[in-house]
S.K.: 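Okay, here's the structure, questions in a sec.
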Amino acid sequence: MAEAFATEIAKSLLGKLGSFAVQEFRLACGLQDDLARLEERLKAINAVLSDAEKQQSKNERIRLWLHMLRKVFYDAEDVLDEIECETLQRQVVKTKGSTSRKVQHFFTSSNRIAFRLRMGHNIKKIIERLAEISALKSDFNLSEQAIDCSHVLHEETGMNRSFDSFSGLIRRDEDKERIINLLIPPFKVGDAHPRVLPIVGMGGLGKTSLAKSVGDAEIVERHFQLKMEVCVSDDFSLKQVIQKIIKSATGERCADLDEGELQKKLEEILNGRKYLLLLDDVWNEDAKKWLLLKPVLSKGADGSKIIVTTRSQRVAEIMGTVPAYNLSHLGKEDCLLLFCKCAFKEGQMALYPNLIGIGKEIVAKCKQVPLAVINLGTQLYGKIDETEWKSVRDSEKWEEEGDVILPALKISYQRLPTHLKRCFLYCSVFPKDYQFGDCILVQFWMAHGLILQSANPNENLEDVGLRYVRELISRCFFQDYEDCIVIAYFKMHDLIHDLAASLAQNEFSIISSQNHQISESSRHLSVLDSNSFFHQTLNKFSNEFDHVRSIVFADSIAGPTCKTDFEKCLSGFKYLRSLELMDPSEFEVFPERIGALKHLRYLYLVVNTEMKRLPKSIFKLPNLQALVAAGEGLEELPEDVRHMISLRFLLLFTQQKRLPEGGIGCLECLQTLFIVWCENLENLCEDMQGLKSLRKLVIGGCDSLIFLP
């Protein structure tokens, strides 16, 4: 990452050292002295970290020193997590019992001694490495500062403020009218079919918002029989693009179909229907790929239209059948008005003419790009101190070379509190156009220790995490916000995603059909093309997987060897904290090897229609805090779920008529339970009252339900 975040990780480590599990292990295994030395060393280093992080941008040696520290801190986290796992597993055997001889054998005295010796050796190695690195700090003349272990927001912007609140203020009425006039004229003999209109402009001008507003216009809605929207983004895979178009048209994922079957299905959907398709954020400059997709799209009725948004004139030349619509920058007066709407509370603008003067200078540096104007305006919302405004105007980031908009976005990022910076950067592991759910994203952050408990005893981790989400939305790091009462959905603008990916590049790797490599420092993987990952990355870089902590599969795991490939993958990720399979995979039985991932805290998978049950090994994961098992295939959720003593969040689909006793009702830590689209479910389990920590119960789409306990 661009920043080491050493202070935040050190706080997390000190918290782990004080946890009940580590304290119990410390006493039981005679490692009091070693763990006390580790704690003492951490506190001594932590005292100077704040000063070091302030100086790192101007001192390369300090920056490298912090990154060395971060690596040791991560290894220390792994050791302490091993101890917590051991303690939790013993707790499961003690309180819940175990029918597995293997599990019982694991906790024999000989194994306990071996584990204690191994942990003692690892802790001593960590202490030695910390001592070596700590000795270097005297070279930097760092000052000690008081340690602040608080980790929550003390200030919130109004939730009614978001990017979507302001994007409607961008005055593009003339552009909208012109584009509509290009779309609705009747089809004439000799017209291209389908007609493709590219909208071209630099990032942040509002191409996507404009295209969507065109599609939502009443006259356009009436003109077309079918409307579809697809974000194409960087990796133009014919199969994935067709899958996305089908999903937009029908809601079906079609992960189990091959490319030929997908093409046939899309042709059937489009056949004889006049459609409007938005292909958003297209980067592909390979004409061959477009020529493979175009014949499928020609199956629609005459008069069908495609809008393509892109930053590339070359893409417009390849795909366009009419001259491109070049989107201009926003007018200067409109930019200033937009900025003031974002920065001032209603009715306060006239009270601060001095700030408006500074605001004009900030807007001038935004080069008439709406996204930059909105982003910086929201950072200054409610701030009336001139110093704050001048710090934005005079930031050294304006002098950096590159895209006009990146300096503005980097300034916005710089102004985030440290804990929000980490949460924001971790979002880059998800693909562009990913639809986040607020409570699920919070669970992902919790899995990586990004949220620490509030000092307020009435506020739990989920509450704090939702505050983080609201703050990032109000600062316009998320957009397309949709409140569905029990869950809120939102997305990242592609440029905001680019910012997060660029700042997090040392630790986050994206595997696509164009890129198969990961770096030695990679701890988070986003797999856009699973075929490339399994058959190229996995073989070449297997030695780099030991430290990977999260992996997101953005496409279906498919092919004749997919189950074997996935099992091989699981065996390499020893310290994995989160695993997400966004699309249904082709294997009928989920690999039992998932049970070896004892550090796993977050598991999100979409189950295919052939997968009837989850492997029992999943329910032996002592650290698992969040389980999302979405899909239509699961016949049952077995009683073994009671072993998941750390589970706080459960979203399940099941074909059962009745939830079994001694299962879900035994989950004493469960905070949130979603029971959705369980069409056969008639009764919940009688022992639901055992859910002592439950704060949120959502039941939806369970039309057969006749009895609540």
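We're numbering straight along the sequence, starting at 1.
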S.K.: Taking the six-membered ring for Trp and the full ring for Phe, Tyr or His, determine whether the centres of F444 and Y602 are under 6.0 Å apart.
M.R.: yes

S.K.: Could you tell me whether the side chains of H329 and Q368 share a donor-acceptor contact shorter than 3.5 Å?
M.R.: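 The answer is no; no qualifying pair exists.
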
S.K.: Applying side chain to side chain contact (heavy atoms under 4.5 Å, CB included) to L605 and E580, what does each step give before you reach the verdict?
M.R.: CA-CA 6 Å; L605 55 97; E580 178 155 348; over 6 Å; no

S.K.: Under 3.5 Å, is there a donor-acceptor pair between the S550 and H524 side chains?
M.R.: yes

S.K.: Would you call C254 and E261 a side-chain contact if the rule is heavy atoms closer than 4.5 Å?
M.R.: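 A side-chain contact is absent here, since even the closest heavy-atom pair is not under 4.5 Å.
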
S.K.: Are E471 and R475 within salt-bridge range, i.e. N to O under 4.0 Å?
M.R.: yes

S.K.: List the steps and the verdict of ring pair (Phe, Tyr, Trp, His ring centres under 6.0 Å) for F477 and Y413.
M.R.: CA-CA 9 Å; F477 284 92; Y413 168 79; 7.4 Å; no

S.K.: Kindly indicate whether the side chain of I219, heavy atoms from C-beta on, has any atom under 4.5 Å from the side chain of I184.
M.R.: yes

S.K.: Are Q517 and S509 linked by a side-chain donor-acceptor pair shorter than 3.5 Å?
M.R.: no

S.K.: Closer than 4.0 angstrom, basic N to acidic O: yes or no for R314 and E317?
M.R.: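 Salt bridge between R314 and E317, a charged N being under 4.0 Å from a carboxylate O: yes.
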
S.K.: Taking the six-membered ring for Trp, are F534 and F553 closer than 6.0 Å centroid to centroid?
M.R.: yes

S.K.: Quick one: sort the F478 and F436 rings into parallel, tilted or perpendicular, breaks at 30° and 60°.
M.R.: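 If you compare the ring of F478 with that of F436, the planes turn out tilted.
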
S.K.: Tell me yes or no: between the side chains of N375 and S412, is some donor less than 3.5 Å from an acceptor?
M.R.: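 Side chains of N375 and S412: pair found under 3.5 Å.
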
S.K.: Would you check if there is a donor-acceptor pair between the side chains of Q443 and Y604 at a distance under 3.5 Å?
M.R.: no

S.K.: Under 6.0 Å between ring centres, would you say that holds for Y481 and Y489?
M.R.: no

S.K.: Tell me, do D280 and V232 make a side-chain contact under 4.5 Å, heavy atoms counted?
M.R.: no

S.K.: Taking only Lys NZ, Arg NE, NH1 and NH2, and the carboxylate oxygens of Asp or Glu, determine whether E221 and K227 approach each other closer than 4.0 Å.
M.R.: yes

